[in-house]
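The structure appears right after this line, and notes come after that.
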Amino acid sequence: MRSHPDPAPEVPAKTLWDLAQDERCRIESFNSSLDEAYRVRLMELGFHPGEIVTCMYTPKLGAPRLYRVHNTVYSLDDDVAGMILISEAA
Amino acid sequence: MHEALLIGTPNSGKSLLFNQLTGLNQKVANFPGITVDISSGPVMARPNVRLVDYPGIYSLHSISEEERVAIRAFRKALLQENLDAVLCILDSTRLEKGLHFALQVFRECQKNNKRMLLVANMKDVLLRNDMQLDIKGLSRSLGVEVLLLSAKSGEGIPELTAQLGNGINQSDQEGQLDFSGMSDFELRNLAHELAHKYGPSGDLLIRSQARLDAFFLNTWSGGLSFFVIMYLLFQSIFTWAAPVMDAVESSIRFIAGLVLPLLGATILHDFVKDALFEGIGAFLVFVPQIFVLTLVVGILEDSGYLARAAVICHKPLRFFGLTGKSFIPMLSGVACAIPGIYAARMVESPRKRWLTYMAIPLMPCSARLPVYTLLIAAFIPANQALGGLVGLQGLAMFLLYFFGVFVGLLVTALVSRTSPEHSHDMPFVLEMPPYRLPSWKPLLRNSWNRSKHFVTRAGTIICSVTIAVWFLGYFPNYGEDLGSSWLGTMGKLIEPLFAPLGLDWKYGVAVLSSFLAREVFVGTLGTLYGIEGAGEHISSLADKIQASGLSPASGVACLILFAVALQCVSTLTILYKETGSLRLPVQLFLGYGVLAYGIALIGYHLTALFV
């Protein structure tokens, strides 16, 4: 009988939408299902891997949230913010 | 003549600079993507230079058809021999965003051997907040001339105009970085590096913006302020525009009073009176409404509030396939579909703009009000319920308004879920512009232009249809009897269509004539029932309609027809002009016609069962 070590439970990647108000994060990558043209546009706006993003405001009732990149603030809804994969900012 | 191109990202102050340089009337707004058309005009201080203003775009890699068109036009313009310079404007308080785009533009310019200037706008904001931009360092690193100015105060503009019309100097190219061989990745890194090295530091502006956002986007304070602002917007369309609309109406009546007696009792007299003064006058009355709405929406855009309103409305409207930006056009449509359709330009996603266009004609516009008032007076008893708190007629009016909005949202929800492009729509990424005081002069100019645009672009078609309807209603009996005119004959011909709804030929004629404007329905029925000035004597006409034996079920069917059908030539014309195609107006006219008839038929039979 072969024994297999239990695979480590897969931790779902954290997305920009998961970021709480006033929290900072580092952009890691994009969900592969995001259209290439939109990925390029997000990067042109400043949302590129390695960049630090701050969640400025999270309105209630699921409204789009406000994120700061450099000196610009953008509002992103869950469809887009959920496609941006992040890690904790150092 | 030399030519200079003005290009930049949205919210960089590009259109305001264009206004300052040319003195021409050009839209200036604090909302992404608002400059839709490409405008041009001679530079006031250098009349031998024509300045061309391109729409604000974020990148030379397009994600929409409109961007593709603008970028194609820009690349084509770079091939012109008389192109003197490309002015790339950016907001110096948010350097990195604008610089990345500027470097893309420089790469294209260098490939085409064109002169480029970097215009760093918002000098006034930098000074006010004690922020620094090292333009010498930036200029030295890029090898490109950088001019710091304020499009708002005009500071630095003479230095810019002095740079125009000098042709391409070989020394312009010397010392420049070689952008042409750089990849997008390299350009982005360079923008990042330069912005950090030479751009303003600190986040004073962001912090003050965040405080206001916390107020305007908060569930309670934001909700309340949204309600108050939208109430004021609605009031401005209905109430503030009313005195000017009355003045236009009185002026037309005054001129008619002077002109008509000179014409005697001739066909020309009848034509001028009915087709020109009454028919075309009815369409000119909307001009003040368009002016006021454009002005108020412009104030909201310029102040930065409109982007916040879009955030507030986005979630509920997304359920119906729309976007937060669809809210203002739809609200405007409650006053009149025409300014609403114009306002839909603010929706950048072509697909969502298309859906907004679909919803607007179903909003309960003010032209439907006289029709609703007449039919409610004729068929709904003036009873009170709940101790006088609720009047049945008022309730019926409320339900009709709600019905229009409901059908509009239902249609967009169904279309958005069933159309094939469902999964390929533009994502909701909206730049939050800083809050600032609006610039009044360009706003007033823009409102004037939009009103003029309405008269000149839609006027020809509306005039032609007005004259055609007058002609059909006047001949062959010279206006003696509308019932036996060609229009009356047409009404009788289509009577079988209305018969299943219990409506006779009179309603057919009234519906046909209401293509001019929905409220004409009341006047036509008044004529057919022998009541002069039916608009002012609605209760007499309602009595006549009751006495004619028309059933309440037919009244309900007629109300539904008017709530849903798109029988308004002005709306159809503006839809055609704005979309540049007959496709949408024809589809909506036929689709809403069939839908209106179907619901009216159901409403007729259901009412007949209970009443």
Side-chain angles (χ1 to χ4, degrees), chain A residues 15-17 19-24 26-27 29-86 89, chain B residues 9 11 58-64 67 91 93-98 100-101 104 184-185 187-189 191-192 195-196 199-203 205-206 209-210 213-214 217-220 222-223 307-308 310-316 318 323-324 423-434:
Chain A
T15 71
L16 195 58
W17 189 253
L19 204 64
Q21 190 169 316
D22 298 325
E23 267 187 355
R24 297 166 80 230
R26 181 184 302 279
I27 295 178
S29 59
F30 297 93
N31 187 310
S32 56
S33 61
L34 180 67
D35 191 286
E36 172 70 10
Y38 300 146
R39 187 180 63 80
V40 171
R41 174 56 53 91
L42 283 167
M43 286 167 68
E44 286 169 338
L45 294 176
F47 294 91
H48 46 80
E51 196 55 68
I52 302 293
V53 178
T54 309
C55 179
M56 299 295 288
Y57 195 72
T58 53
K60 300 282 184 291
L61 308 171
R65 294 175 182 170
L66 269 52
Y67 300 98
R68 176 186 172 182
V69 193
H70 314 301
N71 271 348
T72 309
V73 178
Y74 296 98
S75 172
L76 273 65
D77 71 359
D78 52 347
D79 277 352
V80 194
M83 292 282 178
I84 303 173
L85 309 178
I86 58 163
Chain B
T9 56
N11 297 311
Y58 285 105
S59 162
L60 289 182
H61 301 291
S62 59
I63 59 170
S64 73
E67 284 185 354
D91 175 352
T93 64
R94 293 178 290 170
L95 194 63
E96 184 167 342
K97 184 197 73 159
H100 183 206
F101 175 67
Q104 289 185 349
D184 284 329
F185 180 74
L187 289 182
R188 198 184 65 227
N189 285 345
H192 185 73
H196 280 262
S201 54
D203 56 1
L205 291 175
I206 293 280
Q209 184 178 327
D213 278 339
L217 296 175
N218 174 275
T219 311
W220 298 108
R308 277 76 189 177
V311 170
I312 291 172
C313 298
H314 182 70
K315 180 82 177 176
R318 194 174 71 167
T323 165
S423 56
H424 293 285
D425 203 7
M426 285 174 77
F428 185 85
V429 180
L430 183 63
E431 186 185 338
M432 294 285 102

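The sequence lines fix the lettering, A, B, ..., with proteins before strands; numbering per chain opens at 1.
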If one checks every heavy atom of Arg68(A) against chain B at 4.5 Å, the contacting part turns out to be side chain

Report the distance from atom CG of Asn11(B) to atom CE of Met432(B), rounding to the nearest 0.5 Å.
9.5 Å

Heavy-atom contact with chain A under 4.5 Å, split by part of Pro316(B)
neither

Under 4.5 Å from a heavy atom of chain B, the part of Leu34(A) involved
neither

What residue in His196(B), Gln209(B), His192(B) has the most heavy-atom pairs under 4.5 Å with chain A?
His192(B)

Pick from His61(B), Arg188(B), Lys97(B) with the largest number of heavy-atom pairs that fall under 4.5 Å of chain A:
Arg188(B)

Is it the side chain or the backbone of Met43(A) that comes within 4.5 Å of chain B heavy atoms, both, or neither?
both

Would you please test Tyr67(A) and Phe47(A) for ring pair (Phe, Tyr, Trp, His ring centres under 6.0 Å) and show each step?
CA-CA 10 Å; Tyr67(A) 300 98; Phe47(A) 294 91; 7.1 Å; no

Under 4.5 Å from a heavy atom of chain B, the part of Glu51(A) involved:
side chain

Please assess Leu217(B) against Leu66(A) for the test side-chain contact (heavy atoms from CB on, under 4.5 Å), listing each intermediate value before the final yes or no.
CA-CA 10 Å; Leu217(B) 296 175; Leu66(A) 269 52; 3.6 Å; yes

Please tell me if the side chains of Arg41(A) and Ser62(B) come closer than 4.5 Å, counting only heavy atoms from C-beta onward.
no

Partner chain A: residue of Leu95(B), Thr219(B), Val311(B) with the largest heavy-atom pair count (under 4.5 Å)
Val311(B)

Top contributor to chain B interface from Met56(A), Met83(A), Glu44(A) [non-hydrogen pairs under 4.5 Å]
Glu44(A)

Identify which part of Val80(A) has an atom lying under 4.5 Å from any heavy atom of chain B, answering side chain, backbone, both or neither.
side chain

Nearest 0.5 Å, what's the CG-OH distance between Asn218(B) and Tyr57(A)?
4.5 Å

Can you give me the closest heavy-atom contact between Ile27(A) and His48(A), atom names plus distance?
CB-O, 3.7 Å

Determine, for Arg94(B) against Glu431(B), whether the closest basic-nitrogen to carboxylate-oxygen distance falls under 4.0 angstrom.
yes

